[in-house]
Amino acid sequence: MPSDIRILNTGALLELSRRLRAVNEESVRASMHRRIRRAAEPLRSDMQRVVRSLPIRSQGGAGRSGPSPTTRPLRATIAASIKLSVRTGGNPGARVWVDRSALPADLRNMPNVMNSGRIRHPVFGNRRRWATQTTTPLWWETTIRRHRPRMEREVERILADIRSRLD
């Protein structure tokens, strides 16, 4: 799983960013920042929704399950670590990413593992007995593919509008 997704039209965004700095038009820059964030927000929200509803299935165990040995809910913890950042400066664009520092140390690699579709872990911490669970593979890329065309259209519209305001 890529650690983040960036929706950029780098050439146009860089050129526009340079023009904004030259004009020193803070209201236009703030407007561009706000509108790009608004265009990327549905992707972040959908990523969080998808990970919260991701089915995790066991492969056997004939009903032998019990309460989790931890008190933290896995999917909600990962959903809370999905962040959105927008830059209009040197490297302009929107970025949706998993903030690994917001995850507990033992879950830092879990978004990658879940994206692979196969979760292998010790049974209740017993390293001599392992369980394999499955989930929907490539949920990260699938969600991005669904949102990418809409976001690219929106960013193009924003760029055209900002260009017309600067001219």
Side-chain angles (χ1 to χ4, degrees), residues 1-56 70-119 134-167:
M1 170 180 93
S3 60
D4 61 16
I5 177 65
R6 296 173 189 189
I7 304 294
L8 329 155
N9 181 353
T10 50
L13 281 171
L14 285 171
E15 175 261 330
L16 197 56
S17 179
R18 277 189 221 106
R19 286 177 62 191
L20 278 171
R21 269 195 308 272
V23 173
N24 198 15
E25 188 72 37
E26 191 56 40
S27 64
V28 176
R29 183 183 300 222
S31 171
M32 184 171 113
H33 186 277
R34 185 179 60 253
R35 290 175 66 190
I36 289 176
R37 176 174 287 281
R38 201 175 309 137
E41 187 65 40
L43 173 61
R44 184 183 66 92
S45 299
D46 198 28
M47 288 283 203
Q48 291 175 331
R49 183 193 58 76
V50 166
V51 78
R52 279 189 187 103
S53 64
L54 212 55
I56 298 177
T70 66
T71 57
R72 62 178 187 258
L74 172 68
R75 291 172 278 211
T77 302
I78 292 172
S81 72
I82 297 174
K83 307 289 185 197
L84 167 65
S85 60
V86 177
R87 291 181 52 152
T88 55
N91 187 12
R95 179 178 173 220
V96 176
W97 53 290
V98 174
D99 182 7
R100 295 190 193 293
S101 67
L103 293 171
D106 60 334
L107 294 181
R108 296 236 163 101
N109 197 35
M110 189 55 73
N112 289 344
V113 171
M114 288 175 71
N115 196 52
S116 75
R118 183 171 171 258
I119 305 167
T134 58
T135 188
T136 307
L138 303 176
W139 59 271
W140 183 267
E141 288 85 358
T142 305
T143 308
I144 290 168
R145 263 188 249 115
R146 216 173 33 243
H147 284 268
R148 189 175 199 121
R150 179 196 55 79
M151 288 180 64
E152 286 175 345
R153 283 192 311 271
E154 183 68 21
V155 168
E156 281 298 321
R157 196 163 51 94
I158 292 167
L159 293 177
D161 185 42
I162 299 293
R163 251 187 237 109
S164 70
R165 286 174 69 179
L166 288 176
D167 292 336

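Keep in mind the model is a prediction, meaning the values are calculated, not measured.
Note that CG of Leu74 is 9.5 Å distant from OG1 of Thr135, once rounded to the nearest 0.5 Å. Atom CD1 of Ile36 is separated from atom CD of Glu41 by 14.0 Å, given to the nearest 0.5 angstrom. How far CD1 of Ile119 is from OG1 of Thr134: 8.0 Å, rounded to the nearest 0.5 Å. The CZ atom of Arg35 sits 4.5 Å away from the CG atom of Asp161 when rounded to the nearest 0.5 Å. Remark: Ile78 CD1 to Met47 CE distance equals 13.0 Å, nearest 0.5 Å.
Every residue two or more places apart in sequence or in another chain that forms a side-chain hydrogen bond (donor to acceptor under 3.5 Å, both in side chains) with Arg49 is listed here: Asp46. With sequence neighbours excluded, the residues forming a side-chain contact (heavy atoms from CB on, under 4.5 Å) with Gln48 are Arg44, Arg52, Ala79, Ile82, listed by chain and number. The salt bridge (Lys or Arg N to Asp or Glu O under 4.0 Å) search around Arg37 returns none, not counting sequence neighbours. Residues forming a side-chain hydrogen bond (donor to acceptor under 3.5 Å, both in side chains) with Arg157 (at least two apart in sequence, or on another chain): Glu154. For Pro42, the side-chain contact (heavy atoms from CB on, under 4.5 Å) test picks out His147, Arg150, with sequence neighbours left out. Shown here are the side-chain contact (heavy atoms from CB on, under 4.5 Å) partners of Ala160, two or more places apart in sequence or in another chain: there are none. Here Arg75 pairs with nothing under the side-chain hydrogen bond (donor to acceptor under 3.5 Å, both in side chains) rule; sequence neighbours left out. Ser164 pairs by the side-chain hydrogen bond (donor to acceptor under 3.5 Å, both in side chains) definition with nothing, not counting sequence neighbours. Residues satisfying the side-chain contact (heavy atoms from CB on, under 4.5 Å) test with Thr142, not counting sequence neighbours, are Leu138, Arg145, Arg146.
Here the side chains of Leu84 and Leu43 are not in contact, with every heavy-atom distance at 4.5 Å or above. Residues Arg34 and Val86 form no side-chain contact, since every pair of their non-hydrogen atoms from C-beta on lies 4.5 Å or further apart. In this structure, Val50 and Thr136 have side chains that are not in contact, with every pair of non-hydrogen atoms separated by 4.5 Å or more.
Between the Arg95 side chain and the Ser85 main chain, no donor and acceptor come within less than 3.5 Å of each other.
Closest heavy-atom contact between Val96 and Trp140: O-CZ2, 3.9 Å. Contact between Val98 and Pro111 at its shortest, heavy atoms only, is CG1-CG, 3.8 Å. Pairing each heavy atom of Leu103 with each of Ser81, the nearest pair is CD2-OG, 3.6 Å. Ser31 approaches Arg165 most closely through the heavy-atom pair OG-NH1, 3.5 Å.
Paired with Asn109 under the rule side chain to side chain contact (heavy atoms under 4.5 Å, CB included), one option of Leu107, Val113, Asp106 passes, and it is Val113.
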side-chain contact (heavy atoms from CB on, under 4.5 Å) between Arg38 and Ile158, intermediate numbers included
CA-CA 11 Å; Arg38 201 175 309 137; Ile158 292 167; over 6 Å; no
